[in-house]
Amino acid sequence: MTWSDLPPLGPLVAFEATVRHGSVSKAAAELHLTHGAVSRQIQQLERALGVTLFERRNRAVVPTPAARTFVQSVDDALNLLSAAARQARATTRPALLVLSCEPTLLMRWLIPRLPALTAAAPGLNLHLVASGGPVAFERESIDVAIRRNDFDIPGGLTTFELFDESVGPVCTPELGHRLSRPEDLTRLPRLHTSTRPSAWADWAKNYPMPLPPAPEQTFEHFYLSLQAAASGLGVAMGPRALVHDDLEAGRLTAPLGFRPDGSTYLLMTPLPARDDRVTALVSWLREQAQGNA
């Protein structure tokens with residue numbers, strides 16, 4: 001098939017933008033071209049068609065009747081080409097996998113490790129959402145979620161255990177030198193978080209006596225209390241996974257160690273367990289979780 005009647009295709013975009021804006025300058029700005037480049041493309045199109053497309057009136061350009069008729073077909077053709085291009089890209093782009101993750105785990109553990117995921121599973125196209133608690137998978141268009149099993153997990157979901165939660169007091173090394181037993185905690189401010197208000201009390205159940213009183217400060221989110229601890233403001237209750245990188249870097253220390261709190265991080269999904277994207281993600285997450293120990 002030949003296309004002998006086709007005009008040069010490049011100038012069609014400049015033509016359509018000029019008609020739509022009623023201005024060569026605005027069309028040029030939209031297309032990131034110069035005023036002269038757009039004018040030359042329109043002139044090229046006029047020569048190819050053998051018709052005048054615009055009347056020049058002072059600084060304005062007014063489409064001729066031929067241009068008004070022609071632009072309708074040009075607009076339809078450009079829309080069809082654009083839709084076809086989107087469809088072609090979609091066939092080569094990996095399907096998006098929407099992952100919801102508890103905010104502090106997302107910020108302090110998952111995101112720093114994403115370059116390793118890109119290298120291990122380059123075809124995995126993740127979109128991250130920060131959220132906690134129960135997941136409305138269908139309503140929120142979530143595919144997979146990472147949560148601590150501190151709430152009832154609904155039926156009908158596939159779940160994969162990732163790692164157990166272990167917690168302990170954390171602080172800067174400078175403050176850590178002053179802590180060798182729980183009784184020493186009375187010497188330093190105790191940092192709490194509203195998202196886990198019972199964290200200190202739950203940890204203290206492992207000891208035969210209540211924690212001694214100490215100055216206290218509460219933060220709205222877990223990552224804020226951990227940042228406060230890293231800044232030397234006091235001692236926070238730190239889950240091992242969430243402070244692992246800070247411990248490795250020497251920003252935090254855990255002078256009293258960590259203890260399991262009985263909870264586990266899970267990956268939950270309504271997708272089939274054998275979904276290639278899910279199995280690749282779970283495999284990588286479990287591999288990364290081995291470093292939490």
Counterpart residues, side chain to side chain contact (heavy atoms under 4.5 Å, CB included), relative to Pro270 (two or more places apart): Phe137, Leu157
Evaluation steps, side chain to side chain contact (heavy atoms under 4.5 Å, CB included), between Leu285 and Tyr265: CA-CA 11 Å; Leu285 287 169; Tyr265 277 99; over 6 Å; no
Donor-acceptor pairs under 3.5 Å, side chain of residues 146-153 to any protein atom, not counting sequence neighbours: which ones?
{"unit_1": "Arg147", "atom_1": "NE", "unit_2": "Gly133", "atom_2": "O", "d": "2.6"}
{"unit_1": "Arg147", "atom_1": "NH1", "unit_2": "Ser100", "atom_2": "O", "d": "3.4"}
{"unit_1": "Arg147", "atom_1": "NH1", "unit_2": "Ser100", "atom_2": "OG", "d": "3.2"}
{"unit_1": "Arg147", "atom_1": "NH1", "unit_2": "Ser131", "atom_2": "O", "d": "3.1"}
{"unit_1": "Arg147", "atom_1": "NH2", "unit_2": "Ser100", "atom_2": "OG", "d": "2.9"}
{"unit_1": "Arg147", "atom_1": "NH2", "unit_2": "Ser131", "atom_2": "O", "d": "3.3"}
{"unit_1": "Arg148", "atom_1": "NH1", "unit_2": "Ser263", "atom_2": "OG", "d": "3.3"}
{"unit_1": "Arg148", "atom_1": "NH2", "unit_2": "Asp150", "atom_2": "OD2", "d": "3.1"}
{"unit_1": "Asn149", "atom_1": "OD1", "unit_2": "Thr264", "atom_2": "N", "d": "2.7"}

Co-membership, hydrophobic cluster, residues Leu33 and Leu9, 4.5 Å side-chain: yes
Stepwise ring-ring contact (aromatic ring centres under 6.0 Å, His included) check, Trp109 with Phe163: CA-CA 13 Å; Trp109 188 82; Phe163 53 87; 5.5 Å; yes
Qualifying side chain to side chain donor-acceptor pair (under 3.5 Å) pairs, either residue in residues 274-284, two or more places apart: Asp275-Arg277
Residue pair Thr158 / Ala273: nearest heavy atoms and the distance that separates them: CG2-CB, 3.7 Å
Minimum heavy-atom distance between Leu106 and Pro112, given as atom pair plus value: O-CD, 4.3 Å
Main-chain N/O of Glu161 paired with Arg286 side-chain donor or acceptor, under 3.5 Å: yes
Chi angles and distances behind the side chain to side chain contact (heavy atoms under 4.5 Å, CB included) call for Val235, Val170: CA-CA 6 Å; Val235 185; Val170 296; 5.9 Å; no
Worked check of side chain to side chain contact (heavy atoms under 4.5 Å, CB included) between Leu281 and Val278: CA-CA 5 Å; Leu281 180 60; Val278 173; 5.8 Å; no
Salt-bridge contact Asp245-Arg113 (side-chain N to carboxylate O under 4.0 Å): yes
hydrophobic_cluster_shared for Leu105 and Met107, side chain cutoff 4.5 Å: no
Side chain proximity check, Glu55 to Val61, heavy atoms < 4.5 angstrom: no
Check: Thr18 and Phe54 side chains under 4.5 Å, non-hydrogen atoms: yes
Those residues that, when tested against Ser180, pass side chain to side chain donor-acceptor pair (under 3.5 Å) (two or more places apart): Asp184
Extract all donor-acceptor atom pairs below 3.5 Å that involve side chains of residues 215-227 and protein atoms in other chains or at least two apart in sequence.
{"unit_1": "Glu216", "atom_1": "OE2", "unit_2": "His192", "atom_2": "NE2", "d": "3.4"}
{"unit_1": "Ser225", "atom_1": "OG", "unit_2": "Phe222", "atom_2": "O", "d": "2.8"}

Closest non-hydrogen atom pair, Leu126 against Leu96: C-CD1, 4.2 Å
Salt bridge (Lys or Arg N to Asp or Glu O under 4.0 Å) against Glu46, all qualifying residues, sequence neighbours excluded: Arg56
Sequence neighbours excluded - salt bridge (charged side-chain N to carboxylate O under 4.0 Å, His left out) pairs with any residue from residues 24-40: Arg20-Glu30
CA sep, side-chain torsions, deciding dist, call: Arg196, Glu165, salt bridge (charged side-chain N to carboxylate O under 4.0 Å, His left out): CA-CA 13 Å; Arg196 290 200 201 178; Glu165 181 82 298; 2.9 Å; yes
Identified side chain to side chain contact (heavy atoms under 4.5 Å, CB included) counterpart of Ile142 within the set Val129, Leu99, Thr269: Val129
Backbone N/O of Ala201 and side chain of Ser198: donor-acceptor pair under 3.5 Å: no
Heavy-atom side-chain proximity of Met268 to Val144 below 4.5 angstrom: no
Side-chain heavy atoms of Pro260 within contact of Asp164, under 4.5 Å: no
Residues in side chain to side chain contact (heavy atoms under 4.5 Å, CB included) contact with Ala28, at least two apart in sequence or another chain: Val38
Leu124 side chain near Leu117 side chain, heavy-atom distance below 4.5 Å: yes
By ring-ring contact (aromatic ring centres under 6.0 Å, His included) - contacts of Phe70 (at least two apart): Phe15
CG on Leu31 to CD on Glu16, rounded to 0.5 Å: 8.5 Å
Contact check, side chains of Arg259 and Ser166, non-hydrogen atoms, under 4.5 Å: no
Closest approach of Leu252 to Leu247 (non-hydrogen atoms, all atoms of both residues): O-CD2, 3.3 Å
With His35 via side chain to side chain contact (heavy atoms under 4.5 Å, CB included) - residues at least two apart: Val24, Ser25, Ser39
Closest non-hydrogen atom pair, Pro8 against Leu45: O-CD1, 4.3 Å
Shortest non-hydrogen contact between Leu191 and Leu233, atoms and distance: CD2-O, 4.1 Å
Stacked cation flag Arg190 on Trp200, 6.0 angstrom / 45 deg: yes
Pairs involving residues 67-81, ordered by first then second residue, that meet salt bridge (charged side-chain N to carboxylate O under 4.0 Å, His left out) (sequence neighbours left out): none
Candidate pair Val98 and Leu128, rule side chain to side chain contact (heavy atoms under 4.5 Å, CB included), full reasoning: CA-CA 6 Å; Val98 181; Leu128 302 177; over 6 Å; no
Shared hydrophobic cluster, Val51 / Val19 (ILVMFWY, side-chain heavy atoms < 4.5 Å): yes
Listed partners of Ala136 passing side chain to side chain contact (heavy atoms under 4.5 Å, CB included), at least two apart: Arg139, Glu140
